[in-house]
Amino acid sequence: MAEERLLPTPQGQARVLLRRARKARATLLLQHGAGGGIGARDLVALSTALPAAGITTILLEQPFSVAGKRIAPRPGSLDESLAAVVRSLRLDLLLEDPLVLGGRSAGARSSARMAQTLGAVACLALAFPLHPPGRPEKSRVQELLGAGVPTLVVQGARDTFGAPEEFPLGVNLAVVPDGDHGFAVRRTAELSQQAALDLVVDVVRRWLVEDVLGNGS
């Protein structure tokens with residue numbers, strides 16, 4: 001069962017849902033996107049499945065979402081709130097190091113920008129918004145490449161914010177077949193919606209346990 005807490009930030013109260021692993025080996029903190037919330041299908045799937053693999057999970061709902069606003073403020077405010085939440089969690093001894101920062105869309109951007117600053121050992125970028133739809137010239141690739149820690153990108157094959165083939169060589173990239181920006185798949189897809197989510201969970205679990213934590217189990 002998830003533990004819920006409200007934590008102060010410079011932008012107002014943030015909400016976190018914490019699911020503890022019985023024998024925690026790391027913490028994965030996940031943020032939502034600019035127009036969505038922590039109920040996103042991939043965030044829910046990861047946060048409920050990973051504690052069994054020894055990964056404590058924390059879903060961070062940004063203050064703008066807690067306040068009922070539908071659109072995120074300036075990117076820097078997301079980073080400030082994230083930093084405040086991480087500090088509070090560490091002070092309250094609720095954060096098991098090593099820390100992996102992650103999120104979807106705008107949350108992935110924020111996590112990449114703040115990974116080194118907040119002492120994360122890795123970054124998980126779900127549906128990284130490489131550019132606005134139809135505007136490939138407005139690339140955000142430098143945020144991703146500047147994370148400074150091992151980073152996994154999980155991208156839908158039909159993501160209009162950046163298709164997998166648009167990412168530069170060398171990016172650690174996992175593809176969700178037929179997935180859109182929310183990892184939704186069409187009814188005609190070879191993978192069912194549940195199978196697509198299972199794929200996301202399996203890829204992330206393997207990356208965390210084998211690559212980030214490095215015990216090969």
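In this text, all values refer to a predicted model and were calculated from it rather than measured experimentally.
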Colleague: Would you say Arg15 and Leu17 make side-chain contact, with heavy atoms under 4.5 Å?
Modeller: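 Of all side-chain heavy-atom pairs linking Leu17 with Arg15, at least one is under 4.5 Å.
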Colleague: Run Glu210 and Arg205 through side chain to side chain contact (heavy atoms under 4.5 Å, CB included) and show every step you take.
Modeller: CA-CA 8 Å; Glu210 298 178 8; Arg205 182 194 292 116; over 6 Å; no
Colleague: Does the pair Asp97 and Arg90 meet the rule for a salt bridge (Lys or Arg N to Asp or Glu O under 4.0 Å), with working shown?
Modeller: CA-CA 9 Å; Asp97 282 316; Arg90 282 191 166 131; 3.2 Å; yes
Colleague: Is there a path of hydrophobic side-chain contacts, each under 4.5 Å between heavy atoms of I/L/V/M/F/W/Y residues, joining Met114 to Leu95?
Modeller: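 The answer is yes; both residues are in one hydrophobic cluster.
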Colleague: Would you kindly confirm whether Leu191 and Val154 end up in one hydrophobic cluster when ILVMFWY residues are joined by side chain heavy atoms under 4.5 Å apart?
Modeller: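 Yes, same cluster.
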Colleague: Less than 4.5 Å apart, any side-chain heavy atom of Leu7 and any of Leu89?
Modeller: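 Leu7 reaches Leu89 side chain to side chain.
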Colleague: Dump the intermediate steps for side chain to side chain contact (heavy atoms under 4.5 Å, CB included) on Glu3 and Met1, then the final yes or no.
Modeller: CA-CA 7 Å; Glu3 303 172 35; Met1 182 177 295; over 6 Å; no
Colleague: Any donor-acceptor pair under 3.5 Å linking the side chain of Ser88 with the backbone of Ala84?
Modeller: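 Yes; judged by distance alone, with no hydrogens or angles, the pair exists.
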Colleague: Flag the pair Glu80 / Gln11 as yes when at least one side-chain heavy-atom distance between them is below 4.5 Å, and no otherwise.
Modeller: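 Side-chain contact under 4.5 Å: yes.
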Colleague: According to a hydrophobic-cluster definition based on side-chain heavy atoms being under 4.5 Å apart (Ile, Leu, Val, Met, Phe, Trp, Tyr only), do Ile55 and Leu18 belong together?
Modeller: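 Different hydrophobic clusters.
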Colleague: Is there a side-chain contact between Val212 and Trp207, using heavy atoms and a 4.5 Å cut-off?
Modeller: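 They are in side-chain contact.
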Colleague: Do Asp159 and Pro164 come within less than 4.5 Å of each other through their side chains, counting heavy atoms only?
Modeller: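 They are not in contact (no side-chain heavy atoms under 4.5 Å apart), so the answer is no.
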Colleague: Please confirm whether Arg104 makes a cation-pi placement over Phe183, using NZ or CZ under 6.0 Å from the six-membered ring centre and within 45° of the ring normal.
Modeller: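 Yes - Arg104 lies over the ring of Phe183, closer than 6.0 Å to its centre and within 45° of its axis.
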Colleague: Mind checking the CG-CG spacing from Leu152 to Asn172? Nearest 0.5 Å is all I need.
Modeller: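 Going from the CG atom of Leu152 to the CG atom of Asn172 covers 5.0 Å.
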Colleague: Using modelled atom types only, decide if a donor and an acceptor are shared between the side chain of Glu166 and the backbone of Leu130 within a distance under 3.5 Å.
Modeller: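 Judged by distance alone, no pair lies under 3.5 Å.
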Colleague: CG of Leu144 to CZ of Arg140: how many Å apart, nearest 0.5 Å?
Modeller: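 Interatomic distance, Leu144 CG to Arg140 CZ, rounded to 0.5 Å: 12.0 Å.
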Colleague: Does Ile38 reach the side chain of Val44, with side-chain heavy atoms less than 4.5 Å apart?
Modeller: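 Not in contact.
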Colleague: With a 4.5 Å cut-off on side-chain heavy-atom distances among I, L, V, M, F, W and Y, is there a chain of contacts connecting Leu126 to Val203?
Modeller: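 Yes, same cluster.
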Colleague: Would a 4.5 Å heavy-atom cut-off, applied to side chains only, mark Leu29 and Leu82 as touching?
Modeller: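 A side-chain contact exists here, since the closest heavy-atom pair is under 4.5 Å.
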Colleague: Check the pair Thr160, Asp180 against side chain to side chain contact (heavy atoms under 4.5 Å, CB included), reporting the backbone distance first and the verdict last.
Modeller: CA-CA 7 Å; Thr160 57; Asp180 65 8; over 6 Å; no
Colleague: Are side-chain N/O atoms of His181 and Ser105 paired as donor and acceptor at under 3.5 Å?
Modeller: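 Per modelled atom types, His181 and Ser105 side chains form a pair under 3.5 Å.
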Colleague: If you round to the nearest 0.5 Å, how far is OG1 of Thr151 from CG of Leu173?
Modeller: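 Those atoms lie 12.0 Å apart.
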Colleague: Indicate whether the side chain of Arg19 and that of Thr57 have a donor and an acceptor atom separated by less than 3.5 Å.
Modeller: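 The answer is no; no qualifying pair exists.
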Colleague: Look at the side-chain heavy atoms of Ile, Leu, Val, Met, Phe, Trp and Tyr, link any pair under 4.5 Å apart, and say whether Leu213 and Val201 land in one connected group.
Modeller: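 They do share one cluster, since a chain of ILVMFWY contacts under 4.5 Å joins Leu213 to Val201.
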Colleague: Just wondering, are more than 12 heavy atoms of other shown residues or ligands nearer than 6.0 Å to CD in Glu190?
Modeller: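 It does not: Glu190 CD has 12 such atoms or fewer within range.
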Colleague: Between Gln31 and Ser111, is the side chain to side chain donor-acceptor pair (under 3.5 Å) condition met? List the steps.
Modeller: CA-CA 8 Å; Gln31 302 185 72; Ser111 295; 3.2 Å; yes
Colleague: Step through it carefully: locate the ring centre of His32, locate the ring centre of Phe64, and say whether they are under 6.0 Å apart.
Modeller: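 For His32 and Phe64, the ring centres are under 6.0 Å apart.
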Colleague: Do the side chain of Asp178 and the main chain of Arg158 share a donor and acceptor less than 3.5 angstrom apart?
Modeller: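 Absent.
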Colleague: Got a second to check how far Arg109's CZ is from Leu78's CG, nearest 0.5 Å?
Modeller: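 Arg109 CZ to Leu78 CG: 9.0 Å, rounded to 0.5 Å.
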Colleague: Using only heavy-atom distances, determine whether the side chains of Thr56 and Glu96 contain a donor-acceptor pair under 3.5 Å.
Modeller: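 On atom types as modelled, these side chains do not qualify, holding no pair under 3.5 Å.
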Colleague: Enter the distance from Glu165:CD to Gln155:CD here, rounded to the nearest 0.5 Å.
Modeller: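 The CD atom of Glu165 sits 10.0 Å away from the CD atom of Gln155.
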Colleague: Counting distance only, does the side-chain N/O of Ser110 pair as donor-acceptor with the main-chain N or O of Gly107 below 3.5 Å?
Modeller: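 No; zero donor-acceptor contacts below 3.5 Å.
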Colleague: I'd like to check Leu118 versus Leu101 (side-chain heavy atoms, cut-off strictly below 4.5 Å). Are they in contact?
Modeller: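 When only atoms from C-beta onward are counted, Leu101 and Leu118 do touch, with a gap below 4.5 Å.
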Colleague: First locate atom CG of Leu28, then atom CD1 of Ile58, and finally report the distance between them rounded to the nearest 0.5 Å.
Modeller: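 Nearest 0.5 Å value for the CG-CD1 distance: 9.0 Å.
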Colleague: If you apply the rule side chain to side chain contact (heavy atoms under 4.5 Å, CB included), what do you find for Leu145 with Gln142, and how did you get there?
Modeller: CA-CA 5 Å; Leu145 298 179; Gln142 290 307 318; 4.1 Å; yes
